[in-house]
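Worksheet for the structure shown next.
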Amino acid sequence: MIQISEGADILTIIQVFTVEPQDQQELIDLLSEGYGSSLSRAPGFLSCGLHRGVDGDKVTLYAQWRSEADYEAMLNDASLPAILYRALTISTFEPGRYEVMQTFRPARGAAGPA
């Protein structure tokens, strides 16, 4: 389960994929299969969330890894599923590595979701 909290000693990966709208669902399916079949079993993997852009041309992946070393080991693993390479043929992506600096919650007495 994704947990966003300050001071957590984990690596957060945010990848924003740009894709043609007609390929968006295929990209989601490819990333889902890649993480579900292989990457979720990699040492140091903690969690992943996929987000579909409502405009149709973006897919964002938010993943958490125990450490930079675990993430790098996964990237250098020769057994990475070929399905992920297919994802790169139908999209471009901008990767980023992050640390959580601050989180915010609703103020006391503030109305929550309806």
Side-chain angles (χ1 to χ4, degrees):
M1 175 195 279
I2 293 175
Q3 295 186 11
I4 302 173
S5 59
E6 300 164 36
D9 191 21
I10 60 173
L11 175 66
T12 299
I13 302 297
I14 301 173
Q15 294 176 323
V16 179
F17 294 84
T18 301
V19 64
E20 292 297 323
Q22 69 270 14
D23 295 328
Q24 187 188 49
Q25 187 59 52
E26 180 183 2
L27 178 60
I28 291 168
D29 294 344
L30 290 166
L31 294 170
S32 294
E33 187 173 335
Y35 267 85
S37 68
S38 175
L39 297 178
S40 62
R41 293 173 177 79
F45 173 80
L46 298 175
S47 64
C48 178
L50 275 175
H51 305 266
R52 179 182 67 86
V54 296
D55 58 5
D57 68 355
K58 296 279 190 287
V59 174
T60 300
L61 183 143
Y62 181 100
Q64 295 177 323
W65 291 82
R66 182 177 52 209
S67 70
E68 179 83 26
D70 288 324
Y71 181 69
E72 287 294 328
M74 177 277 299
L75 290 177
N76 294 316
D77 186 346
S79 68
L80 271 178
I83 198 162
L84 294 179
Y85 295 105
R86 168 70 182 138
L88 297 179
T89 66
I90 64 169
S91 67
T92 59
F93 76 102
E94 204 175 312
R97 298 171 190 206
Y98 300 87
E99 295 174 343
V100 176
M101 298 307 298
Q102 194 164 3
T103 59
F104 299 92
R105 303 275 184 240
R108 281 201 171 145

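Sequential numbering from 1 along the given sequence is applied to the chain's residues.
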Separation of [Y] [atom2] from [X] [atom1] (nearest 0.5 Å):
X	Y	atom1	atom2	value
Leu50	Arg52	CG	CZ	12.0 Å
Gln25	Ile28	CD	CD1	4.5 Å
Thr60	Gln15	OG1	CD	10.0 Å

Mind checking what makes side-chain contact (heavy atoms from CB on, under 4.5 Å) contact with [X], not counting sequence neighbours?
X	answer
Glu26	Asp23, Leu30, Arg86, Ile90
Tyr98	Thr12, Ile14
Ser67	Ala69, Asp70

Can you name the nearest heavy-atom pair linking Ala42 to Met74, along with the distance?
CB-CG, 4.4 Å
Heavy atoms only: give me the nearest Val19-Lys58 pair and the separation to one decimal.
CG1-N, 4.4 Å
Cluster link Met101 to Ile10, ILVMFWY, side chain under 4.5 Å
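Per the 4.5 Å side-chain linkage, Met101 and Ile10 are not co-clustered.
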Is any side-chain heavy atom of Ile13 less than 4.5 Å from a side-chain heavy atom of Pro95?
no
Taking atom [atom1] as the centre, does [X] end up with more than 12 heavy-atom neighbours from other residues, nucleotides or ligands that are less than 6.0 angstrom away?
X	atom1	value
Gln22	CD	yes
Asp9	CG	no
Glu99	CD	no

Of all pairs that satisfy ring pair (Phe, Tyr, Trp, His ring centres under 6.0 Å), the ones with a partner from residues 37-56, not counting sequence neighbours:
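Qualifying pairs, neighbours excluded: Tyr35-Phe45, Phe45-Trp65.
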Applying ring pair (Phe, Tyr, Trp, His ring centres under 6.0 Å) as the test, list every pair that has at least one member in residues 4-28; sequence neighbours left out.
Phe17-Phe93
Using side chain to side chain donor-acceptor pair (under 3.5 Å) as the criterion, list what pairs up with Glu33, not counting sequence neighbours.
none
